[in-house]
Amino acid sequence: MTLLWDLREMKRRVYDPNTALVNSVERPVRHDGVDFLLVNELKAALGPLSGRSLKYCTDECLKRYLDARNGNVDKSKKMLEATLKWRSTYKPDEIHWKEVAVEGETGKAFRANFHDRHGRTVLILRPGLQNTTSIDNQIRHLVYLMENAILNLPEGQEQMAWLIDFTGWSLSTSVPIKSARETINILQNHYPERLAVAFLYSPPRIFEAFWKIVKIFLDPKTFQKVKFVYPMNKESVELMRSYFDVDNLPTEFGGKATLKYDHDEFSRLMMEDDEKTSTFWGSSDKHKHGSSNGYSGAEVVPEPTSLAPPAS
């Protein structure tokens, strides 16, 4: 990615997402707001990595963690190390569709076959179509879809968009507050800066009570990405349409397209993507066809590699 230098801002002394200067050191600025020297600093702080941890910690990944912690390298390191530990135990890259397919039978959550105006992957969530009672498996299903959405991001795009349809939603179909908090923690702490925007379309008034509690768990950056859309509120509708082509947007969200979820067809696509995921992460046949919970034994990893460039 080409570096753009903004000399006018190089005298700033406090970290700013738009200038990325820190610790009173004059540093070059990237056009996307993240100081590339901070990325190298974080690499050095992490030390040698190997296996999937090394593959996970790309420059773009490190930038997202720095963004999430406002350029604080120590906090970014702590956050990233927690994610690497979580990924080594939860193994989100080893969840396969057949393990969570039952969660998708009603089409309550799936990857859309269109993108937003920025080319982002779109996840459609319809909580009113809840069909299971296992909170753990519901979370695994969402994590699977997050990983799948990331797999299908176009080159150069790091974020996704969510469309949430509240048709049929009620307190009886909502997840418990504790589970909502756990889900939010996973998304915020282990998928930082992956969400570009989430449109909550026409939520019922009763949702306000649930939202007042849930929003406490959102960090300020995530909170700003949540947008409420009401069909009779022209401003909110226009905001959503600024992100989506109305011809692609389903009628359930005020667009012109017909939304049809075919579980068999979606399952076929997900199983194809499972093969791509296994190839990307270097999963063996044992990983793909092993235990039903998607967990497997320790992988053989190469010698640790340092992400940091050699000192000059």
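Small disclaimer: the values here were computed from a predicted structure and weren't measured.
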Enquirer: Taking D93 for its side chain and S278 for its backbone only, find out whether a donor-acceptor pair lies under 3.5 Å.
Expert: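 Absent.
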
Enquirer: Does K225 make a cation-pi contact with F199, if we ask for NZ or CZ under 6.0 Å from the ring centre and within 45° of the axis?
Expert: no

Enquirer: Do E272 and R268 meet the salt-bridge criterion of a basic N to acidic O distance under 4.0 Å?
Expert: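 Judged by the 4.0 Å cut-off on N to carboxylate O distance, R268 and E272 do form a salt bridge.
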
Enquirer: Compute whether any side-chain donor of one residue and acceptor of the other, for W97 and S267, lie under 3.5 angstrom apart.
Expert: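 Looking only at side-chain atoms, S267 and W97 do form a donor-acceptor pair, the distance falling under 3.5 Å.
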
Enquirer: Please check this pair: side chain of R126 against backbone of G107, looking for a donor-acceptor N/O pair closer than 3.5 Å.
Expert: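 Looks like yes, one N/O pair under 3.5 Å.
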
Enquirer: Start with the C-alpha distance between M240 and L163, add both sets of side-chain angles, then the distance that settles side-chain contact (heavy atoms from CB on, under 4.5 Å), and finish with yes or no.
Expert: CA-CA 10 Å; M240 185 172 68; L163 289 172; 4.1 Å; yes

Enquirer: Can you confirm whether or not the ring centre of Y201 sits under 6.0 Å from the ring centre of F166?
Expert: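 Here the rings of F166 and Y201 have centres that are no less than 6.0 Å from each other.
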
Enquirer: Going by an N to O cut-off under 4.0 Å, is there a salt bridge joining R111 and D273?
Expert: yes

Enquirer: Do the rings of W86 and Y191 sit parallel, tilted or perpendicular, given the 30° and 60° boundaries?
Expert: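 The arrangement is perpendicular - the two ring planes meet at more than 60°.
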
Enquirer: Which residues pass the side chain to side chain contact (heavy atoms under 4.5 Å, CB included) test with K256, sequence neighbours left out?
Expert: V246, D247

Enquirer: Indicate yes or no for a side-chain donor-acceptor contact from H190 to the backbone of Q188 under 3.5 Å, with no hydrogens or angles considered.
Expert: no

Enquirer: Is it true that T132 and K108 share a donor-acceptor pair across their side chains at a distance under 3.5 Å?
Expert: yes

Enquirer: For E81, which of K77, K78, K85 qualifies under salt bridge (Lys or Arg N to Asp or Glu O under 4.0 Å)?
Expert: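 Between E81 and the candidates, salt bridge (Lys or Arg N to Asp or Glu O under 4.0 Å) is satisfied uniquely by K77.
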
Enquirer: Any side-chain to backbone donor/acceptor pair from R140 onto I95? Under 3.5 Å, distance only.
Expert: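 Not a single qualifying donor-acceptor pair exists.
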
Enquirer: Is the closest side-chain donor-acceptor distance between D219 and T222 under 3.5 Å?
Expert: yes

Enquirer: Salt bridge check: are K43 and D59 linked by an N-O gap of less than 4.0 Å?
Expert: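 The answer is yes: the pair qualifies as a salt bridge.
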
Enquirer: Between F253 and R241, is there a cation-pi geometry (under 6.0 Å to ring centre, at most 45° from the normal)?
Expert: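 R241 over F253 ring: no.
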
